[in-house]
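Right, one structure below, let's go through it.
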Amino acid sequence: MTKKERILMAMRGETPDIMPYTPRFDLWYNSNSYRGTLPKRHQGRSHDEIARAEGWALHKVVPELLEVVDPWENLTRGIGLYSLKENGYKINFSPNVHLEVKKTRRGDEEATLVEYHTPKGVVSTKEVINEEMRKAGVSITWVQEHGIKRPEDYEIWAYIFENITVTPDYDRYRVWQNSIGDDGVAVMMGSFAASPINHIQRDFLDATEFFFHYKDHAREMRRLAEAIGLVYEQTLKVVGDSPAEVILWGANYDDMITYPPYFQKELSPWIRKASDYLAAKGKLVICHCDGENQGLIDLIADSGMHVAEAVCCAPMTKLPIETYCERWCKSGKLTIMGGLIQSMLSPATSSLEDLNAYLDHFFKAVAPGNRIILSVADTTPPNADFDRLAMIAERVEREGRLPLEAGAFRPLTEAQLKPVVGRMAQQVPDETFQTVHADVLAGNDADIKVHIQTLLDQGVNAKEILNRGMLSAMEVISGRFREGSVFIPEVLLSARAMKEALVVLEPYLAQEKKDVSGKILLGTVRGDLHDIGKNMVATMLRGVGFDVVDLGINITADNFVAAVEQQRPDILGMSALLTTTMPEMKKTIDALIARGLRDHVKVVVGGAPLNEKFARDIGADGYGSDAGSGVDLVRQLLKGKIPH
């Protein structure tokens, strides 16, 4: 039985002779190849040559977006459109749409500005890549300027998408498919976004700005979504008639970003549509489900997709692998491709004992092992111990023969499988403040200013309005967010209402001493351009009364230290998403010690690849796994502490 046959059998719900093992290590390879740090036995080899030399199946789900022959293949990455060999199709723009490309270089950062000139007007995107990103092995540029900068841009982009044609490009795909052969499954990339609205969310707006537009510019957004839908309809037909066996349709699901009500309304219908259409063509649909899926587990199961790839489980996320198996695999709804969390591959975040204990549990928890393809979630980090991947392969060879024996493993009970739904008890505010309190909960940024001015005119104390009307409401929102009963949009809209209200209150608060819970300095470390997690922490901290100074992204250790000296914060919070930038946190802490500042500031860290062990090892005071726990951590550290 070939590796490809095993993978396809598992994807279809059949039982191969042994559990397929397809470790994804593109990020690790890109980084170590670029830095000249590949293991001696693999120096000079390509990614696929290494996998074949180790005897592993090739992981071919997510394309290498920077590996192109012609620049036009990824030229329109800023709007989520590609013409890669993995696509099997080409994107063609109308003759009435002229693309003007301007490339610039500043230091080690390369920028590409793409302007789209149309009869309706001009729109543009700008993406960058720098030396740190290359060292980190990233396979995609970072969009610095998104396509929608003002509401009027929606109509221009709608015109562009309405006039796009999608044409087959099967020959290049077949060459790539043949190069993989029986060593893996050449997944054709239909779309990174699951639906037109999700496309706008992923590619046209900043991650937080999207939610404001989703509420404030719904009509314009729907207009663009309809135009994008025309491209999606064409794409479905082309990939449906292609020689591919498996199609990627949608990626990066997460119950915070693609929160449950939004997922159900905006993503599920298109995933179902694509899955039904492609299944009728004899094809399977795979989705890249690499985020926190606690709130999405049943929605994903019922969406129609056939394979959930890059599934990341506890201890890196909230749900254990056995929950996924019970809900997805044993119910016969879909196959898991993943389960091997990346934090287990790095000595910075786990020991060999941790990894072996995890695998001991894994093999028992997934028994009998059908509908399981063991793969890394999301991908092997650059600082991973490569020999751990080889050790895992040896264990699969010894222990992965199917069907697996569950041994002493105890399956979850029905009660444990039921979703946890709760609602924090809400304290009813004093009647005087109920309207303002309700404005904050509803994110009513327009009326709250009028309501606050009315209270002020009636002689109500400004600090009382802030504390009993507004901050009390943000406490409710914060609690509901932590328990999972409200989501990012509610938090952002409530925070916006707070911000608008403070415009009215600030002159009155300035006349009296303003209570501040503490001063927090935040930033993403040098080399890292990701900021949505940091932004959420900042929003929630401000909402519950903290003074937050956000330094932004790509902050050096020296700049952190200088800001601590100048701002004198109670807490310094650092964020990182790239494993290669994690050492910057230790460098910053060491710099604080060298300058004699460490004893005067608490240091907390957060980000997807981090954990408690890493925080402890670098000398941080705490680790926050998400925005809600970050707020709790800050409060715990500052309990009884008087702000500077």
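Note that the structure is a prediction, hence the values are computed from the model and not measured. Values below: every heavy atom of this structure, side chains too, minus hydrogens, waters and symmetry copies.
- With 3.5 Å as the limit, one finds a donor-acceptor pair spanning the side chains of R35 and S31.
- Electrostatic pairing of D183 and R52 counts as a salt bridge here, judged by a charged N lying under 4.0 Å from a carboxylate O.
- Looking at heavy atoms from C-beta onward, S350 lies out of side-chain contact with F614 at the 4.5 angstrom threshold.
- Side chain of E49 to main chain of S46: a donor-acceptor pair is present (N/O by atom type, distance under 3.5 Å, no hydrogens or angles).
- Aromatic ring pairs are classed by plane angle as parallel below 30°, tilted from 30° to 60° and perpendicular above 60°; the pair Y259 and F487 is parallel.
- Without hydrogens or angle criteria, E326 side chain to T323 main chain gives no donor-acceptor distance under 3.5 Å.
- Ring-plane geometry between F386 and W56 is classed as tilted, the angle between the planes lying from 30 to 60 degrees on a 0 to 90 degree scale.
- Residues I286 and V61 form a side-chain contact, since some pair of their non-hydrogen atoms from C-beta on lies under 4.5 Å apart.
- Contact record, N293 with Y253: OD1-O, 3.8 Å, taken as the closest heavy-atom pair.
- Between K281 and E245, no side-chain nitrogen of the basic residue sits less than 4.0 Å from a carboxylate oxygen of the acidic one, so the salt-bridge criterion is not met.
- Two residues are said to be in side-chain contact when any heavy atoms from C-beta on lie closer than 4.5 Å; V285 and V307 fail this criterion.
- Put simply, the side chain of T76 never gets that close to the backbone of I79: no donor and acceptor are under 3.5 Å apart.
- H306 pairs in a side chain to side chain contact (heavy atoms under 4.5 Å, CB included) with only one of the listed residues (L284, L278, T335), which is L284.
- With no hydrogens or angles considered, a side-chain donor-acceptor pair links T141 and R77 at under 3.5 Å.
- In this structure, C289 and E309 have side chains that are not in contact, with every pair of non-hydrogen atoms separated by 4.5 Å or more.
- Of all the heavy atoms in I488 and F481, the pair that sits closest is N-CE1, 4.0 Å.
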When you look at Y232 and S191, which way does the side chain to side chain donor-acceptor pair (under 3.5 Å) test go after all the steps? CA-CA 8 Å; Y232 276 41; S191 174; 3.2 Å; yes
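- Within the 4.5 Å cutoff, the side chain of Y173 has no heavy atoms near those of the Y89 side chain.
- The backbone N or O of I257 sits less than 3.5 Å from a side-chain atom of Q201, completing a donor-acceptor pair.
- Side chains of Y21 and I392 form a contact here, defined as non-hydrogen atoms less than 4.5 Å apart.
- With 3.5 Å as the limit, one finds no donor-acceptor pair spanning the side chains of N198 and T258.
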Audit row: S346, D385, side chain to side chain donor-acceptor pair (under 3.5 Å) steps and yes/no: CA-CA 6 Å; S346 170; D385 176 2; over 6 Å; no
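- Taking every heavy atom of both residues into account, N370 and C329 meet most closely at O-CB, 4.2 Å.
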Yes or no on side chain to side chain donor-acceptor pair (under 3.5 Å) for H361 and E322, after CA distance, side-chain angles and deciding distance? CA-CA 9 Å; H361 175 83; E322 53 264 35; 2.8 Å; yes
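- Ring to ring, H42 and Y29 are not that close: their centroids are 6.0 angstrom or more apart.
- A 4.5 Å side-chain heavy-atom check between L65 and S139 finds every atom pair outside the cut-off.
- Using modelled atom types, one finds no donor on one side chain facing an acceptor on the other under 3.5 Å when comparing N87 with D169.
- Side chain of D254 to main chain of G291: no donor-acceptor pair is present (N/O by atom type, distance under 3.5 Å, no hydrogens or angles).
- Shown here is Q234, whose CD atom has more than 12 heavy atoms of other residues, nucleotides or ligands within 6.0 Å.
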As a quick check of understanding, evaluate side chain to side chain donor-acceptor pair (under 3.5 Å) for R395 and N356, giving each step before the final call. CA-CA 9 Å; R395 289 202 57 174; N356 276 306; 3.1 Å; yes
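- Using a 30° and 60° split on the angle between ring planes, W28 and F25 fall in the perpendicular class, above 60°.
- N611 and S343 share no side-chain donor-acceptor pair at under 3.5 Å.
- Using a distance-only test at 3.5 Å, with no hydrogens or angles considered, no donor-acceptor pair links the side chain of D17 to the main chain of R401.
- For the residue pair R172 and S83, no side-chain donor N or O sits within less than 3.5 Å of a side-chain acceptor on the partner.
- A salt bridge links D378 with R24: at least one charged nitrogen is closer than 4.0 Å to a carboxylate oxygen.
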Using side chain to side chain contact (heavy atoms under 4.5 Å, CB included), reason through R272 and M305 one step at a time and then give a plain yes or no. CA-CA 7 Å; R272 171 63 66 181; M305 71 178 78; over 6 Å; no
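- A salt bridge links D48 with K60: the closest approach of a Lys/Arg side-chain nitrogen to an acidic carboxylate oxygen falls below 4.0 angstrom.
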Candidate pair L389 and E54, rule side chain to side chain contact (heavy atoms under 4.5 Å, CB included), full reasoning: CA-CA 9 Å; L389 290 177; E54 294 286 348; over 6 Å; no
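- Formation of a donor-acceptor pair under 3.5 Å by the T317 side chain with backbone atoms of C312 is found in this model.
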Does the salt bridge (charged side-chain N to carboxylate O under 4.0 Å, His left out) test come out yes or no for K318 and E292, once each step is laid out? CA-CA 7 Å; K318 296 174 183 175; E292 175 60 71; 5.2 Å; no
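- Inter-residue side-chain proximity for W270 and W249 is flagged as met; some heavy-atom pair is nearer than 4.5 Å.
- A donor-acceptor pair is defined here as one N or O able to donate and one able to accept, closer than 3.5 Å; no such pair exists between the side chain of Q264 and the backbone of P261.
- Using modelled atom types and a 3.5 Å distance limit, the side chains of Y34 and E131 yield a donor-acceptor pair.
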Would you please test Y324 and V366 for side chain to side chain contact (heavy atoms under 4.5 Å, CB included) and show each step? CA-CA 9 Å; Y324 285 110; V366 303; over 6 Å; no
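- Checked by atom type and distance alone, the side chain of K364 never pairs as donor or acceptor with a backbone atom of L404 at under 3.5 Å.
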Pair D241-K237, salt bridge (charged side-chain N to carboxylate O under 4.0 Å, His left out): steps then yes or no: CA-CA 6 Å; D241 292 334; K237 292 178 181 178; over 6 Å; no
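- In this structure a side-chain-to-backbone donor-acceptor pair under 3.5 Å is present from Y623 to L610.
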